[in-house]
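Take a look at the structure set out below.
In this text the structure is predicted, and so the values were computed from the model without any measurement.
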Amino acid sequence: MNAPPSPQREEQGIDRRPAHIALFNIPADGHVNPNMALAAELVRRGHRVSFSIAGKYADQVRATGATPVVYDTTFPRADRGERFPIHDVVAMSSLFLQEAISVLPQQRKAFENDRPDLVLHDYAALSAQVLAHEWGVPAVRLSPTRVSSRTYEKDLAPFYASVAKDEAWLAYRSRFREWLDDAGIGMSIDEFLYVGLADHCLVTIPRQFQADAAELGDDHTFVGPVLREQDHQAPWSPPADGRPVLLIAFGTIAPEVPEVQQVYFECVDAFADSPWHVVMSIGRQLDPEMFGQLPDNVEPMTEAPQLQVLARAKAFVTHAGMGSVMEAIHHVVPMVAVPMGFDQMENASVIERLGIGARVPFEGVTGEEIREAVDRVGTDPDVGRRLRALSEDVRQAGGARAAADTVERLLAQERAPGPQPVGGRPHPPTG
């Protein structure tokens, strides 16, 4: 008599036999943080996770139970006075390509005698797509922001027309094409960037933030925010006087920009006589002493423990990076979005449309404008009500648990007998 099937194998097609999973990321907090939480969940389930990342994140990776596989990054370093060219699309694009070219041989060597069963990679970790292709293993693309529209070619046409004769752009595209050809990947540059080689895409945002979510196939899974514990950061305590807490934080890159630094100075003056206790995450380029004698209700920090502060905050002034927006929704904190570029513009529009905060244009913004918006959204009961409903809704998406379930289902499909594809997207021809 045959034994009954294992309950683990029967549960929604999930295969929880241990596997070696390689997770690839880029050294940027908004990309790393959600993937740390996923790594921890996979390790908790018994999988061996090798996490390829720059050295400064090694201790945080170890804290998840994963093994850091460290590479030398080419990204700008604040401790050397280097800055990201965030206002130059061509320069930023070239920077990401250079990073991929540089880290690929390092990663290839590191995994030479330890090939994974499955590759997980942030959408910006371009080298990981090449490695999964070389190794012939299934790959899952991780997107901490909205995924590319199926009309990306049409959407990009105006930008491409504007750089058609730009020598730096043409050199970047030529170098990218050469890199793909050397890897034996025949798809176009744009398809590689905006669709990719992965068998599945895990999107760590709510469906409400993806305008065309209904048009995406079953090779996309929205799991909502995947938030990590920030126990690697020093404990923070709220003010003893009971003032409502306001967090002002513009991410890890923007504080390096002089125009953003000026906003911090504006906010010090604007909130000096306010009822708010203001925590400002000012980055490493600003010395708190540069502010002079600060009001008692202003607390500057080089790197504020954002999740700890948001857990106590009543309002949040943010650049509207997707990671920060997801953390604010999780903690039910009204937002004042001051977007500067990238996906922040659309994120700010969604915040405004959903009625969970306000949008203030960055160009020419004053501290008084920010304070007016903070006072308004921080005391509006309708904003709070809508945030609570949205927060509960996105928690139901499952977060790290749902993401890990999806990974295990793909492993089960890969292990199943027969030549079945892991996902709905075949690998492109090589040559």
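A donor and an acceptor atom, one from each side chain of Thr74 and Gln98, are nowhere located under 3.5 Å apart. No side-chain donor-acceptor contact under 3.5 Å links Gln210 and His220. Looking at Tyr160 and Asp190, their side chains do bring a donor and an acceptor atom within 3.5 Å of each other. Between the side chains of His200 and Thr406, no donor-acceptor pair of N or O atoms lies under 3.5 Å. With 3.5 Å as the limit, one finds a donor-acceptor pair spanning the side chains of Asp393 and Gln208.
Put simply, the side chain of Arg177 never gets that close to the backbone of Tyr172: no donor and acceptor are under 3.5 Å apart. Under a 3.5 Å cut-off, the side chain of Thr204 and the backbone N or O of Ser143 do form a donor-acceptor pair. Judged by distance alone, the side chain of Ser391 and the main-chain N or O of Arg388 form no donor-acceptor pair under 3.5 Å. Checking side-chain atoms of Ser127 against main-chain N and O of Leu104 turns up no donor-acceptor pair under 3.5 Å. Counting only distance, with no hydrogens or angles, the side chain of Asp166 and the backbone of Ser162 share no donor-acceptor pair below 3.5 Å.
The nearest pair of heavy atoms linking Asp122 to Pro144 is OD1-CD, 3.6 Å. Nearest heavy-atom pair across Arg141 and Phe192 is NH1-O, 3.9 Å. Residues His330 and Leu227 approach most closely at CG-CD1, 3.1 Å, considering heavy atoms.
For the pair Asn25/Leu23, a side-chain contact is recorded, criterion being any heavy-atom separation below 4.5 Å from C-beta on. Using a 4.5 Å heavy-atom threshold, the side chains of Leu202 and Phe222 count as separate.
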Taking distance alone, no hydrogens or angles, what donor-acceptor pairs closer than 3.5 Å link side-chain atoms of residues 113-121 to residues at least two apart or in another chain?
residue: Asp114; atom: OD1; partner: Arg48; partner atom: NH2; Å: 2.9
residue: Asp114; atom: OD2; partner: Arg48; partner atom: NH1; Å: 3.1
residue: Asp117; atom: OD2; partner: His20; partner atom: N; Å: 2.7

Expected list for residues 89-96: side-chain donor-acceptor pairs under 3.5 angstrom, two or more places apart:
residue: Ser93; atom: OG; partner: Val89; partner atom: O; Å: 2.8
residue: Ser94; atom: OG; partner: Val90; partner atom: O; Å: 3.0

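Partners of Asp182 under the side chain to side chain donor-acceptor pair (under 3.5 Å) rule, at least two apart in sequence or in another chain, do not exist in this structure. Partners of Ser324 under the side chain to side chain donor-acceptor pair (under 3.5 Å) rule, at least two apart in sequence or in another chain, are Gln306. Residues satisfying the ring pair (Phe, Tyr, Trp, His ring centres under 6.0 Å) criterion with Phe51, sequence neighbours excluded, are absent altogether. Residues passing the ring pair (Phe, Tyr, Trp, His ring centres under 6.0 Å) test with Phe362, sequence neighbours excluded: none. Not counting sequence neighbours, the partners of Arg385 by the salt bridge (Lys or Arg N to Asp or Glu O under 4.0 Å) test are Asp382. Taking the side chain to side chain donor-acceptor pair (under 3.5 Å) definition, one finds that Trp135 meets it with nothing, sequence neighbours left out. With sequence neighbours left out, Thr379 forms a side chain to side chain donor-acceptor pair (under 3.5 Å) with no residue at all. Taking the salt bridge (Lys or Arg N to Asp or Glu O under 4.0 Å) definition, one finds that Asp155 meets it with nothing, sequence neighbours left out.
Between Phe75 and Phe84, the angle of the ring planes goes over 60°, which puts this pair in the perpendicular group of the 30/60° scheme. The aromatic rings of Phe176 and Trp179 sit perpendicular to each other, their planes meeting at more than 60°, with 30° as the lower class boundary. Aromatic ring orientation, Phe159 versus Trp169: perpendicular (interplanar angle above 60°, classes split at 30° and 60°).
Annotation: side chain to side chain donor-acceptor pair (under 3.5 Å) contacts involving residues 349-358, sequence neighbours excluded, comprise Ser349-Arg359. Pairs of residues two or more places apart, or lying in two chains, that qualify as side chain to side chain donor-acceptor pair (under 3.5 Å) and include a residue from residues 64-73 are Thr73-Glu99.
With Met335 as reference, Ile329 is the one residue of Val317, Leu247, Ile329 to meet the side-chain contact (heavy atoms from CB on, under 4.5 Å) rule.
A salt bridge is absent between Glu178 and Arg175: the closest approach of a Lys/Arg side-chain nitrogen to an acidic carboxylate oxygen does not fall below 4.0 angstrom.
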* Might you work through the salt bridge (charged side-chain N to carboxylate O under 4.0 Å, His left out) test for Glu112 and Lys109, ending with a clear yes or no? => CA-CA 5 Å; Glu112 184 176 11; Lys109 182 177 180 181; over 6 Å; no
